[in-house]
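One-based numbering along the sequence shown.
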Amino acid sequence: MKSCIHDVGEKKCVTKQLVEVMDEENKTFRYKCIEGDLFKDYKNVTVTFHVVPQGDIDAVKWAIEFERFEDHGPFPPDYINCLFLYEIV
C-alpha cells in the first residue's frame, strides 16, 4: 500500500493505492486506488501498466479503469500526475 500527494491543477490530490497484481513474468503491474481525493468524482479507479518488448526498447501500455459518479464528472487526465507517478520500491 502506498499514499501519494500530487498537484492537480492548483490543488493537492491525495490517494492511497493498493497493489493488486505484480506479475514479473508477464511484465504487468496493477494497482487500485482505495482512498483519497479521487473518490469525490469516482466510484473506483484502477491503473494497469504492461511492458511490451519492441526490439531494443520496451514500450509501456497503460490503462485507467474508472467509474464516475456522474456522467459529466472530470475525465481521469485531470488526475494523470496523481495516478501515474508511482514508484515501485
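- The side chain to side chain donor-acceptor pair (under 3.5 Å) check on Glu65 picks up nothing, with sequence neighbours excluded.
- The salt bridge (Lys or Arg N to Asp or Glu O under 4.0 Å) check on Lys43 picks up Glu67, with sequence neighbours excluded.
- The OG1 atom of Thr48 sits 11.5 Å away from the CH2 atom of Trp62 when rounded to the nearest 0.5 Å.
- Atom CD1 of Ile34 and atom CZ of Phe39 lie 8.0 Å apart (nearest 0.5 Å).
- Of all the heavy atoms in Phe69 and Lys40, the pair that sits closest is CD1-O, 3.9 Å.
- From Thr46, atom OG1 reaches atom CD of Gln17 across 11.0 Å, with rounding to the nearest 0.5 Å.
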Scan the side chains in residues 19-26 for donor-acceptor partners under 3.5 Å anywhere in the protein, sequence neighbours excluded, and list what turns up.
from: Glu20; atom 1: OE1; to: Arg30; atom 2: NE; distance (Å): 3.1
from: Asp23; atom 1: OD1; to: Glu25; atom 2: N; distance (Å): 3.1
from: Asp23; atom 1: OD1; to: Asn26; atom 2: N; distance (Å): 3.0
from: Asp23; atom 1: OD2; to: Asn26; atom 2: ND2; distance (Å): 2.8

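- Legend: salt bridge (Lys or Arg N to Asp or Glu O under 4.0 Å) pairs involving residues 46-60, not counting sequence neighbours: none detected.
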